[in-house]
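Heads up: the structure comes next, in structure tokens.
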Amino acid sequence: MATTAPVHVHAAPQGFIRRYVFSLDHKVIGIQYYFLALAAVFVGMFLSLLMRIHLVWPTAQIPLFGEIKPETYLTLLTMHGTIMVFFVLTTAPQSGFGNYFLPIQIGAPDMAFPVLNMLSFWTTFVAFVVMIAAFFVAGGAPLHGWTGYAPLSAVPNSGPGEALGADLWIVSIAIFCIASLMGALNFITTVLDLRAKGMTMMRMPLTVWAWFITAILGLLAFGVLLSAGILLLMDRNLGTSFFVPGGLNFTGQLTVTPGGLSPSTTNFTHHGGSPLLWQHLFWFFGHPEVYIAILPGMGVASQLLSTFSRKPIFGYKAMVYAIMAIGILGFVVWGHHMFMSGMSPYSAFAFSIMTMCIGVPSAIKTFNWLGTLWHGRIRLQTPMLFAIGFVSLFVSGGLSGPFLAQPVLDIPLHDTYFVVGHFHLIMGVAAIFGIFAGTYYWFPKMFGRMMNERLGQIHFLITLLGTYAIFMPMHYLGLAGQTRRYSQFTEVAYQTKLVPLQTFMTYAALITIAAQFLFLINLFWSMRKGAKASDNPWESTTLEWSTATPPPHDNFGGQTPVVSHGPYEYSVPGAPRDFIMQTDPATTATH
Amino acid sequence: MSEVAIHHPGSEAFEPSLFGTYSKKIGMWLFLLSDTLTFGALLFAYSYGRISNPDWPTPFHKESIANATLMTGCLLSSSLTMVLAVLAAKRRDRSWTRNWLLVTMLFGTAFILLHGMEWSKLIEEGMTPFKNPWAASVPQFGGTFYTLTGMHMLHVTIGVIYLGVVALRKKFLPILFLLWLLGWLAIPASSVFHVGIHVLLLALIVAAIVLFLKPKDYDAHDVEVSGLYWHFVDLVWMFIFPLVYLMSTRI
């Protein structure tokens, strides 16, 4: 075994800046990520509110904004998707909770590379600032969708917002890629190298497994998006034609774009590029990205269902292998986003089969969650409610997956609300429920106080019913042929009949969004006024609950814990309590 | 608040690492893994463009292949000297570690210079990212060429600076500054390298921050980790050379 200089020795910092701003402490960085995501989610939610209002009352005068124009609707859609996917669903569950709890749950004093950790947060922060800046530059934010499809995104001034705003969008994504790569590298190294004595891979909590596999996905996916982003920037500014075919016509003009950085020529004539190349590169990243958003939620759900059912997780190993299987399959199914592109039916067939295979590990996970609940002594506290909500939403959103996996069904459904409903339930709201569950569960450890239970229950009820009321009707709308990305339906004759349902969804959205302020109030009120939390308020078993609340700078007060138990030893026969902490001394009754 | 407990990876308090090695090495391997995907995406874009354009030109003649072969030779030799540097570091032979690192850097610099001259010649012939004199309907030829080789050249440049920091530490900073100043003054303003040389300035700032924040001696492990990076950069060239040069040769 190599002995080397200590990798992450750093004293507890004293000044405000080193302690709370440029902190090397993974716990502070985790909280920074969390609040960045919190700010982002409210921006993203506000954009969705504007969209919902515009869909059913297109001429409504919105205070400060006035009437929303149809092209602005596409901008809202683009920025809503981008901010939600990158700065909320990728940032909060993985970088936020992962940063805070991954080292603690494996018994490490910090991440393997604390400086890199700090850098990755501040890089993410810069990416967010650049993304928001896109709103304020001339021409505004882009309208090419969160997928940035070429050639719309690859040709400057191809539409409103496709000027500097689109460049900033790409730059922001590229910076985000670099930040995520640094974070992923750090997570994987920490898991491989810094597990406390006794914390074998198969004793890691499922949350750690989920963060670990998610980090591997991020490491492999974001590099590709980075390259794609560089190529897209070159298409826009250096006149290359990676993604731009010749002879395109935008607003009456052929795609001859004015000279960018090069002094030698004034115009570029694009020729011979392929928009499909962008789709391949983007979705090679984009599909794993979907799992980057949802896997940490699965980890949290597994942890919470076991804890609050007072039962070991049903099929721990199956859960681990299912996460791995989902991760691997996630890299070979990107083509199912491209059935509409006119791909060869043979490739479509292959992608379709692979996609349906993902149903198997997903079903294993679902059955194991239900198996964990079965005959459990369930404690219906707020974190548990959200964990159950996660499973419910995951199943509801997941069941439409096998439909969309088949090209013959996907082609009529792809550009309708059916797909919107599908991915919002499974990737959007389910992942958000994972974040909520994690927040209610870990808040006591992070801030030393309990969140208000009653407020939490009300928040859960409204959010669960509200999100179902928003997203379930979308499936019917889609089957009825209502197209997505249309800015309004009130003036499209064959679609006006569905407007009442859209109106209902908008009301549901208004109520659901209002309920999120309950969460915000609960969060900030509890931070200062909540009841003091004990070290282990939920009677959990994993390592973060065996240290002080909130944990000291090095997590375990100068010591490294010794682990003698698996992560979910609840209700073990013969044990003095109904749970055995991972750090409890070994007994013969356990494994 | 107490001092964080000093942790030696592999010490008794922790589980042995899954790969029996230390964090920095794992970190570098993981970085290289993600970099593989980054280059892989560019190579995919190249292949895609090439397959979908039947008129792909094959303009490289004897001289440019000879030049590229020489460049390949530089990189291959630098890999050998890098291995010798790592071996010397493991023997704790400080002076030979430094010497072999410097030789490696020299080969790397030769590679960059040869590559830069080749670029300049191609630009003179009229090959830009958006057009080339051989096939007007295939602007991808220049685009993919400059993207792939440019990305690789950037990696080699960063590699040379990385090795310089490991070999000479703070003493490397003035050398880097001189290199930047010299390059900036010597390269005519019309050349892309007049702007490109500022990569050195950027690297200088980063290296200075790193060296002043963490003024440590680089041990055998650091040399080994830098070696991993260097070999990877060489390996990438072993894909670029046949795919971009040899396959675009007019025989």
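The figures here come from the full heavy-atom set of this structure, side chains too, leaving out hydrogens, waters and symmetry mates. So you know, we letter chains A, B, ... as the sequences are listed, proteins then strands, and number each from 1.
- In this structure, chain A has heavy atoms under 4.5 Å from both the backbone and the side chain of B:Phe31.
- Between B:Leu42 and A:Leu231, some side-chain heavy-atom pair lies under the 4.5 Å cut-off.
- More than 12 heavy atoms of other residues, nucleotides or ligands shown are found within 6.0 angstrom of NZ on B:Lys170.
- Options B:Thr147, B:Asn53, B:Val192 differ in how many heavy-atom pairs under 4.5 Å they form with chain A, and the most are formed by B:Thr147.
- Neither the backbone nor the side chain of A:Thr190 comes within contact range of chain B; no heavy atom of the residue lies under 4.5 Å from a heavy atom of that chain.
- Taking B:Ser52, B:Gly143, B:Gly142, B:Ala136 one by one and counting their heavy-atom pairs under 4.5 Å with chain A, the maximum is reached by B:Gly143.
- A pairwise comparison of heavy atoms in B:Ala41 and A:Leu281 identifies CB-CD2, 3.9 Å as the closest pair.
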Just do the side chain to side chain contact (heavy atoms under 4.5 Å, CB included) check on B:Phe130 and A:Ser241 with the steps written out, would you? CA-CA 7 Å; B:Phe130 43 89; A:Ser241 305; 5.9 Å; no

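- Across B:Glu15 and A:Gly198, no two heavy atoms sit closer than the pair OE2-N, 2.7 Å.
- A:Met201 touches chain B through its side chain: at least one heavy atom from C-beta onward sits under 4.5 Å away, while N, CA, C and O do not.
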Residue pair B:Lys24, A:Phe113: steps toward the side chain to side chain contact (heavy atoms under 4.5 Å, CB included) verdict: CA-CA 8 Å; B:Lys24 265 187 197 162; A:Phe113 309 111; 4.2 Å; yes

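- Put simply, of A:Leu220, A:Val562, A:Leu226, A:Leu225, the one with the most heavy-atom pairs under 4.5 Å next to chain B is A:Leu220.
- Taking every heavy atom of both residues into account, A:Asp193 and B:Ser17 meet most closely at OD1-CB, 2.7 Å.
- Taking a 6.0 Å sphere around CZ of B:Arg50, one finds it holds more than 12 heavy atoms contributed by other residues, nucleotides or ligands.
- Scanning both residues, B:Pro16 and A:Lys197, for their nearest heavy atoms gives CD-NZ, 4.3 Å.
- Note that the CD1 atom of A:Ile188 and the CG atom of B:Leu30 stand 5.0 Å from one another [nearest 0.5 Å].
- A side-chain donor-acceptor contact under 3.5 Å links A:Ser227 to the backbone of B:Thr38.
- Side-chain contact check for A:Phe284 versus B:Leu37: some heavy-atom pair is nearer than 4.5 Å.
- Minimum heavy-atom separation, A:Leu219 to B:Ser34: O-CB, 3.2 Å.
- Looking only at heavy-atom pairs under 4.5 Å with chain A, the residue among B:Ala45, B:Gly40, B:Gly49 that has the most is B:Ala45.
- B:Thr144 touches chain A through backbone and side chain together, each having a heavy atom under 4.5 Å away.
- Judged by distance alone, the side chain of B:Gln140 and the main-chain N or O of A:Thr240 form no donor-acceptor pair under 3.5 Å.
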Given the rule in the side chain to side chain contact (heavy atoms under 4.5 Å, CB included) test, do A:Ser274 and B:Tyr48 qualify, once you have shown the distances and angles that lead to the verdict? CA-CA 8 Å; A:Ser274 168; B:Tyr48 201 106; 3.3 Å; yes

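- For the set A:Val115, A:Leu277, A:Val224, the count of heavy-atom pairs under 4.5 angstrom toward chain B peaks at A:Leu277.
- By the 4.5 Å heavy-atom criterion applied to side chains, A:Arg195 and B:Phe14 are not counted as neighbours.
- The neighbour count for B:Trp134 CH2, taken as heavy atoms of other residues, nucleotides or ligands under 6.0 Å away, is above 12.
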